[in-house]
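Counting convention: from 1, in listed order, for ligands and their atoms alike. Count residues from 1 along the sequence. Just so it is clear, the structure is predicted and the values come from calculations on it, not from any experiment.
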Amino acid sequence: MTDLVLSLDVTDRTSALSIAAACAEEVDAIKVGYPLVLGTGLGIARDLADLGLPLIADFKVADIPNTNMLICDQVFEAGFSAVIAQAFPGPDSIAACVESAHAHGGECYVVAEMSHPGALTFFSEGVPEAICRLVVENGADGIIAPATRPARIKVLRNLIGEKKILSPGVGAQGGDPAEVAPLVDGMIVGRAIYGAVDPAAAARAYAPYRR
Ligand code: O7M
């Protein structure tokens, strides 16, 4: 029903590579963010690329267009196949990420609404809906939407049509995979997999929801 994206939020190289290798058959992509890159360096992307899975750079890029372009170019030259950006800097900043992504044959996802309780302070009152319109207008490939609020995923789906939805919040944050999987293109799962005694078995538990 959906892809399973492993959120590899560990901070040391040995753990990252052993968890990723153990789970490689059970997941469809790996998301790498600040914890792992700050802990090990950007070169971790080349090491992980050997597994042959798409690598998503979760740097929530949020700067002026020129800086966004410089960041995204580095991301794709490091071996990532997708980048995640924040929308609040505006359409020209998103457009820069999309331009870099597409110039490298990659994808750009934009955070439309976040999964944690405090997200509702600013991701409310039509803001996620406006972000979805920006995503469509600027040719981004998809959005990040909260697995903790499936009803919101349905609302945002109606605004983005065929574009993809990647959804964090299943597992440690309480999102229910049975409810979320039919609504999204990728479920992002971190602690429930990498924090398990047997990460491969934990990842395999999501097999009924994978397409
Ligand atoms: O399964 P978890 O809770 O251990 O990890 C979830 C991952 O998804 C973790 O890397 C978070 O930073 C990320 N995430 C959210 O949890 N909520 C959001 O709203 C957005 C993200 C995310 O990936 O944004 C791109």
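Here the protein heavy atom with the shortest distance to atom 7 (C) of ligand 1 is Ser7 OG, 3.5 Å. The protein heavy-atom contact nearest to atom 9 (C) of ligand 1 is Asp9 OD2, 3.3 Å. Closest to atom 17 (N) of ligand 1, if we only count protein heavy atoms, is Ser115 OG, 2.7 Å. Among all non-hydrogen protein atoms, the one lying nearest atom 24 (O) of ligand 1 is Lys60 CE, 3.1 Å. From the protein, the heavy atom lying nearest to atom 6 (C) of ligand 1 is Gln173 NE2, 3.7 Å. Nearest protein neighbour of atom 1 (O) of ligand 1, counting heavy atoms only, is Gly190 N, 2.8 Å. Ranking the protein heavy atoms by distance from atom 13 (C) of ligand 1 puts Lys31 NZ, 3.7 Å first.
Which parts of ligand 1 touch Arg191 is read off a 4.0 Å heavy-atom cut-off, strictly below it: atoms 1 (O), 2 (P), 3 (O), 4 (O). Contact atoms of ligand 1 toward Ile84: 25 (C) (distance under 4.0 Å to a heavy atom of the residue). Residue Met114 has at least one heavy-atom neighbour below 4.0 Å for each of these atoms of ligand 1: 18 (C), 19 (O), 20 (C).
The structure places OG of Ser7 at 10.0 Å from CG of Leu36, a figure rounded to the nearest 0.5 Å. Atom CD1 of Ile165 and atom CD1 of Ile160 lie 4.0 Å apart (nearest 0.5 Å). We find the CD1-CE distance between Ile144 and Met114 to be 9.5 Å, quoted to the nearest 0.5 Å. With rounding to the nearest 0.5 Å, the separation of CD1 in Ile56 from CG in Leu8 is 12.0 Å.
Applying the salt bridge (Lys or Arg N to Asp or Glu O under 4.0 Å) test to residues at least two apart or on different chains, the pairs with a partner in residues 171-198 are Arg157-Asp185.
Closest of all the heavy-atom pairs between Asp28 and Asp3 is OD2-CA, 3.3 Å. The two residues Lys31 and Asp9 make their nearest non-hydrogen contact at NZ-OD1, 4.4 Å.
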Check: Hey, mind stepping through Met187 and Met1 against side chain to side chain contact (heavy atoms under 4.5 Å, CB included) and telling me if it holds?
Finding: CA-CA 10 Å; Met187 284 192 307; Met1 297 201 281; over 6 Å; no
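Within the set Pro168, Ala145, Pro35, Gly174, the minimum heavy-atom distance to atom 15 (C) of ligand 1 is found for Pro168.
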